[in-house]
Amino acid sequence: MPELPEVEVTRRGIEPHLAGRIITGATVRNAGLRWPVPRGLGKTLTGLKVESVKRRAKYLLLDCGSGHLILHLGMSGSLRITDYREPAAYHDHFDLELGATVLRLTDPRRFGAVLWQRGAVLKHKLLRDLGPEPLESGFSGEALYAAIRKRGAAIKTVIMDSHVVVGVGNIYASESLFLAGINPKTQARRLGRKRCDELAGAVRTVLTRAIRAGGSSLRNYVQSDGSFGCFQIDCSVYDRAGKPCRVCSSPIRQIVQGQRSTYYCTKCQS
DNA sequence: CTTTAAACCTGGTCGC
DNA sequence: TGCGACCAGGTTTAAA
């Protein structure tokens with residue numbers, strides 16, 4: 001279930017268990033993720049200290065001084081803190097070991113990634129060309145307006161383009177457009193400055209709200225199974241096809257854009 | 001440069 | 001109960 005809020009909540013959950021700890025080993029049970037897990041990764045990592053856990057887009061970056069361990073959860077991945085006595089299950093593909101503590105990656109669909117980058121992590125091919133973080137100052141109505149001037153594609157697909165802004169996945173794309181009152185089929189370049197302001201604001205609001213929903217369970221943060229960020233915000237439109245709009249009661253419509261489902265209210269989003 | 005479709009995988013659900 | 005079709009929260013890649 002990883003969209004940006006889930007990844008951020010996971011980051012906050014794992015960092016206290018990792019920061020300042022020495023890596024004692026790593027176990028790769030299945031190297032066949034989105035890209036092959038690098039050979040000899042355990043040897044590369046052993047003895048290094050995890051300085052901090054950062055996030056860029058939906059990538060988690062474990063700063064190990066001389067390099068970074070890059071983790072991505074794909075569509076079905078999750079991380080949890082457990083210990084070495086816990087037997088690994090079928091989809092537990094990767095363990096990072098820090099003494100008795102284990103950071104364990106579970107990912108049934110194996111769209112996730114475990115990579116190693118020496119030196120400057122932001123120069124990695126996957127991170128190099130990413131657009132601004134939605135919750136930082138680089139993303140604004142002004143920046144959005146400038147970025148989409150020449151885009152004739154539908155705003156729903158453009159807002160999910162990581163060159164425009166990172167971290168807006170399929171759920172929160174629909175939710176943000178609903179909050180901004182913008183029809184997802186609108187050509188991106190047709191949006192004026194004001195609507196870009198509204199959309200940028202909506203993206204920030206929706207993501208912040210979702211992080212807070214996960215963060216609010218921070219107290220009981222580590223679930224009984226050790227996983228993080230187990231939360232479900234109730235959506236305004238996503239997965240609500242045919243159900244009444246929570247604002248105007250007209251039925252939520254589902255369409256397909258760029259091979260993904262989009263949900264919107266035909267009345268509220270003109 | 002922009003846009004589109006296919007690809008990587010497994011698992012759950014639905015209709016017959 | 002079984003089976004096929006279809007769907008799913010991401011992102012790269014190639015091709016148009």
Side-chain angles (χ1 to χ4, degrees), chain A residues 1-11 29-37 55-61 70-79 89-94 105-115 117 124-131 133-134 146-178 184-191 203 206-207 209-211 213-214 227-242 254-263:
Chain A
M1 1 164 161
E3 287 216 29
L4 185 141
E6 289 83 341
V7 177
E8 175 59 23
V9 166
T10 297
R11 187 195 70 75
R29 295 188 197 78
N30 187 344
L33 303 184
R34 181 68 162 81
W35 295 278
V37 179
R55 178 186 60 72
R56 175 74 174 105
K58 293 171 189 165
Y59 296 92
L60 288 168
L61 311 172
I70 302 175
L71 302 175
H72 196 285
L73 302 177
M75 267 176 138
S76 59
S78 62
L79 288 167
Y90 183 50
H91 293 300
D92 293 343
H93 305 310
F94 175 78
L105 173 70
T106 304
D107 185 6
R109 282 178 79 178
R110 292 196 273 128
F111 284 4
V114 177
L115 300 166
Q117 167 78 357
H124 191 281
K125 193 183 171 197
L126 294 170
L127 307 178
R128 208 175 40 195
D129 301 320
L130 293 174
E133 285 288 330
I148 66 177
R149 282 307 78 218
K150 298 185 175 165
R151 304 294 296 266
I155 186 61
K156 158 67 159 40
T157 57
V158 170
I159 202 72
M160 291 177 70
D161 180 343
S162 64
H163 296 96
V164 174
V165 60
V166 301
V168 181
N170 201 41
I171 294 177
Y172 298 122
S174 283
E175 293 297 307
S176 299
L177 287 163
F178 175 78
K185 292 189 284 192
T186 309
Q187 284 194 344
R189 71 160 81 98
R190 314 292 315 172
L191 294 183
V203 166
V206 163
L207 294 178
R209 208 179 272 168
I211 291 171
S227 64
F228 299 97
C230 179
F231 60 97
Q232 188 61 57
I233 62 163
D234 52 354
C235 291
S236 298
V237 288
Y238 181 79
D239 205 22
R240 297 197 65 242
Q254 176 179 8
I255 60 175
V256 174
Q257 296 179 294
Q259 312 172 90
R260 313 294 299 275
S261 282
T262 299
Y263 301 83

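Naming: A, B, ... by sequence-line order, numbering from 1 per chain. Note that the structure is a prediction, hence the values are computed from the model and not measured.
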Enquirer: Is R189(A) close enough to dT2(B) that one of its side-chain N or O atoms is under 4.0 Å from OP1 or OP2 there?
Expert: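 For R189(A), the contact criterion (side-chain N or O under 4.0 Å from OP1 or OP2 of dT2(B)) is not met.
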
Enquirer: Pick one: which of I159(A), L4(A), V206(A) meets side-chain contact (heavy atoms from CB on, under 4.5 Å) with P134(A)?
Expert: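 Only one option passes, and that is L4(A).
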
Enquirer: Any Lys/Arg nitrogen of E6(A) or K58(A) sitting under 4.0 Å from an Asp/Glu carboxylate oxygen of the other?
Expert: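 The answer is no: the pair does not qualify as a salt bridge.
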
Enquirer: Would you please determine if the base of dC8(B) is stacked by F111(A), with stacking meaning a centroid separation under 5.5 angstrom and planes under 30 degrees?
Expert: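 Yes, the aromatic ring of F111(A) stacks with the base.
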
Enquirer: With the side chain of Y59(A) defined as its heavy atoms from C-beta on, choose the nearest nucleotide among dC9(B), dT12(C), dG11(B).
Expert: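 The answer is dT12(C).
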
Enquirer: Among dG9(C), dA6(B), dT11(C), find the nucleotide with the atom closest to the side chain of E6(A).
Expert: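 Output: dG9(C).
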
Enquirer: To the side chain of M160(A), which of dG10(C), dG11(B), dT4(B) is closest?
Expert: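 Nearest to the side-chain atoms of M160(A), counting from C-beta on, is dG10(C).
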
Enquirer: With rounding to the nearest 0.5 Å, note down the distance linking NZ in K185(A) to OG1 in T157(A).
Expert: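 It is 13.0 Å, given to the nearest 0.5 Å.
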
Enquirer: Distance check, P atoms only: dC9(B) and dC3(C), in whole angstrom units.
Expert: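 Taking atom P in both dC9(B) and dC3(C), they lie 24 Å apart.
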
Enquirer: Sort out the partner of dC9(B) for me: Watson-Crick or G-U wobble, both distances under 3.5 Å, none otherwise.
Expert: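 The answer is none; no pair meets the criterion.
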
Enquirer: Using a 4.0 Å heavy-atom cut-off, does R151(A) contact any base of the nucleic acid, only the sugar-phosphate backbone, or nothing at all?
Expert: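 Touches sugar-phosphate only.
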
Enquirer: Of A57(A) and Y263(A), whose closest DNA chain C nucleotide lies nearer the 5' terminus?
Expert: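 Result: Y263(A).
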
